[in-house]
Structures are given as C-alpha cells and as structure tokens.
Amino acid sequence: MDVLREALVWLNDPLNWTGRDGVVDLVRTHLLVTLLAVLLGAAIALPLGLWLGHRGRGATVGVVVSNTTRALPTLALLTILASSGFFGSTATVLACAVFAVPPILANTVTGLGGVDPAVREAAVGTGLSSAQRLWQVEVPLAVPLVAAGVRTAVVQVIATVPLAALVGGQSLGTIVVEGFGVQRYGQVVAGGVLVAGLCLLVEGLLALAQTALTPRGLRERAAAGRTRRRVLRPAG
Amino acid sequence: MDAPTALVPVLAAAGAPPANPWLSWTYVERNREDILGALSQHTSLTVQAVLVATLVALPLAALAHLRPRLAGPLLGASGVLFTVPSLALFAVLAPYTGIGRTTVLIGLVAYALLVLLRNALVGLRGVDPAVTDAARGMGYGRLRMLAAVELPSALPSVVTGLRQATVTTVALVTVGVVVGYGGLGQLMFRGFRSNYHAEVLTATLLCLVLALVLDLALVLVGRALTPWSRAGQASARPARRGA
C-alpha cells in the first residue's frame, strides 16, 4: 500500500503536471502522435480498402494483413525503426501507423463487401457506373463499419504509443519507463494509471460519439462492427 | 556484449552499413546460448500463459453460457481490460507482484483470457438449435448437454480463439522488457541500446517464426480434436467469424 501512497503523492505534485515533460505536455504529445499515426494509417488503408472492397476480393487480404501484424511485436517494429535512424516521435508515428492500417483496412473491405447484393444489382440496373456505385451506394452504406474501424485504430494506437517510451519516444509512457529506470514505483503506478485512464477515456468518448452519430436504423450494423474489432489485437 | 569485430554479413540488407548488418549468421553462432535462452523463456512464458488462460476461460465461458445474465458483465469487463495497454498493466502490477516472471505472466494470462472467453462464448452460442433440440429430446440434462454436445460443437471456435490468443501472446511477451523478463524482447531492447542491428532483427524474426510454428501446431491439434469438421467445415463454424 506504500506504493499506492507514493503514487498519490506523485499525482498530487503540481510540478509533475506542468512544464516541459509534465503530464499536460506529455498528453499533448501523446495525442498528437496518435493523430498523425492514425491519419497516416488511414491514408494508406482507406484507398486500399475501397479498391479491394469495391472489386469484392479483399476479404482474404484483410485477414492476412491483420494476422501478420498480430504476430509482429510492436516493440520489434519500434526498435527496428529506431535503430535505423528514425528518432523519437518519427519512429513512433511510423510504427503506430502500421498498426492502424489493419483495423481500417479490414473494416472498409468488410463494409463494402457486406453491401446487400440486391442493392448492388439495383444500382447496376439503374445504370450507375462503377465509380458511381462505389461513391453513391457502397460507401454510404459502409460508413458505420469504416468509422468503427477508425475508432479501433485510434484506440489501438493510443494504447501502443506508450511503448515508444522504451525507444526514446515521448508520451505518457515516458513516466512509466522513467519510473522503472529509477525504481520509483509510485511514479510507475501513477504513470500506468494515467496511461490506462487516457485510453479508457478516449475509448469511451469515441463510443459515445459513434452512437450519437449513427442513425438509429444502422446501429445494429455498428454493433456488428464492434464485436468484430475486438478480435484484432489487445491494445499495445 | 563483445564488439562485433569480424562480422561477415551473409545477407546484409540493402543500404545497411557493412559494419552493422541486419542479418548476421556470425552473431547467431557466437550468441547461440544467449539466443536459445531468450527463445526458451519466450516459449515457456507463452505456453504457460495460454494454458493457464484456457483453464480459466473455458469454465468461465461455460458458466456465462449457462447463466446468460453473467455474459454481459464478463464481456464488458473483458472489453475494458482489453483497452488498457500492456505497459500500463505491467506498471500497475509490478510493485505488487515483483519485477520478473509473475508480473509478465499475469498480464499475459489476462489478455489471452479475454480472447479465449469471447471465442468460446461465440462458439457455444453458435451451436445449431436443431442439435440442442435433438439432445433435449433425447433426455439430455443441461450439464450433460454442455459437456457432450455444446462444448464439442464449439471446439472449432475455441481453437480459433486459442490460435489468436497464442499469436497475440507471442507478440505481447516482448513488452515484458519493462520488468526485465521479455524473452526475445530482451534481445531486441539490448540490440537497440547497443545499436546492434543483427540482435534486433534476429529476435524479431524468431518472434515471427515462433508465432507461426505455434499457430501451425494449434491448427494440427484442432484438426485432430475435430475429425468431423473436415467433412462439413462450413456448417461447424459460426457464420459471424467466417470472414
């Protein structure tokens, strides 16, 4: 219980919150790195997913990609990038972007592939071109699943970013890693609680946003997307 | 670690400086003991974690299946825990469970547990109602039906869960570095610290190979356990997990 008291003392010290490398600063870096990584991942995964899903042959690709990245340890990718000359946050953003791709890719492909064949046929029968079918029929119907995929990616990345502290990337994880380094376990616990808190908070906010933004008729689909995403990877 | 003075790059990656190749057989030969030690630590942690998780998850899944009211809270709690990053989990556990194997093991078991529980429940729920109806008609009680009908029918889904949990665990072990017990992760981290590329990449490749080997082994175990599913694979697997 002594450690718990130390953790509370650490959390109560305003000096730990403000200034350079304070909690506020680290949270800002953490969120910025997350944002960049997800944007980069989405920039790769969305076009690819749209292309594969529209052609209706992406299902296996999605599975293969997510299985491979499940086996690749985050730490391995981080150390490889960090040792090949990408320092600090660059290595973090690149590594996390790699792990943001599978959920977005898989959900985009599934979303497009899951469009009712009858709807697709109706679109063909109406005389829509391939591009029109994609943008006017398939994409709008797939939006809930794609959004769920992006949400998964955000949660995963935000949980993976702390690991970068091991290879010199700044984030809330820095508090934990530093604490282990100097064997101050109060600080370690405090950092762990902050990291977990940030992840749960963001996850909760995104869940609320998703429910609020999904039209009632489509909520069932979004729920299906949620159960899917859980099998991908544990966070970080 | 001794400085790599006469490294002969067998397959130096393009563009890497010759003095510090990513792939080096000399490194593997000189540090065989070290690498095998890390590999066996990694393997034993993975196997132990998955075994413990299975022993806990299957009864829990059966319980949640018998008492559906428990399923919601169990899965909800598992979802929350899944969101907590492993680094944070290890950080909070370490002061209480010590620096070393126990802490890593608890974390690994927790994550594997969730994957297994979810898959087992999906499998149990996906049993064809016609089959359970038939069993009930033959006078099977609730427990006997669970043991003799539902659990065997759920085996494909359980094996899928086992495979996912195992592969995930192999990757997660590396995070154990923070408490000094990360198997191959130790090599990666040390290689990063001393800027020794071969050490980092060898450990990475071994991680991938280990995941692949264990995954294949489980596929074979799954086939041996469910000889009937080869005949009608499509019907034995719950449709939701098909993709």
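Below, all heavy atoms of this structure are taken into account, side chains as well, without hydrogens, waters or symmetry copies. From a predicted model like this one, the values you see are computed outputs, not experimental measurements. Convention: sequence-line order gives letters A, B, ...; per-chain numbering from 1.
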Checklist entry - Do you know the tightest heavy-atom contact between A:Thr79 and A:Ala76? => result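 Result for this residue pair: OG1-O, 2.9 Å.
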Checklist entry - Minimum heavy-atom separation for B:Phe90 to A:Phe180, with atom names? => result O-CZ, 4.3 Å
Checklist entry - What option among A:Leu172, A:Val195, A:Leu77, A:Leu75 has the most heavy-atom pairs under 4.5 Å with chain B? => result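 So the answer, after comparing A:Leu172, A:Val195, A:Leu77, A:Leu75, is A:Leu75.
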Checklist entry - Tell me, do B:Met188 and A:Pro73 make a side-chain contact under 4.5 Å, heavy atoms counted? => result yes
Is [X] close to chain A through its backbone or its side chain, or both, or neither, when contacts mean heavy atoms under 4.5 Å?
{"X": "B:Val200", "answer": "side chain"}
{"X": "B:Ile99", "answer": "side chain"}
{"X": "B:Val173", "answer": "neither"}
{"X": "B:Ala91", "answer": "both"}

Checklist entry - Does B:Arg190 come within less than 4.0 Å of B:Glu199, counting only side-chain N to carboxylate O? => result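 Here B:Arg190 pairs with B:Glu199 in a salt bridge, since their nearest N and O are under 4.0 Å apart.
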Checklist entry - Does a side-chain N-to-carboxylate-O contact under 4.0 Å join A:Arg120 and A:Glu138? => result yes
Item to check | A:Val176 versus chain B, the contacting section by heavy-atom distance below 4.5 Å | outcome: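 For A:Val176, the side chain is the part near chain B, not the backbone.
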Checklist entry - B:Leu114, B:Thr174, B:Asp215, B:Leu184: which one forms the most heavy-atom pairs within less than 4.5 Å of chain A? => result B:Thr174
Checklist entry - Is there a donor-acceptor pair under 3.5 Å between the side chain of A:Thr174 and the backbone N or O of A:Ala165? => result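 No, because the side chain of A:Thr174 does not come within donor-acceptor range (under 3.5 Å) of the backbone of A:Ala165.
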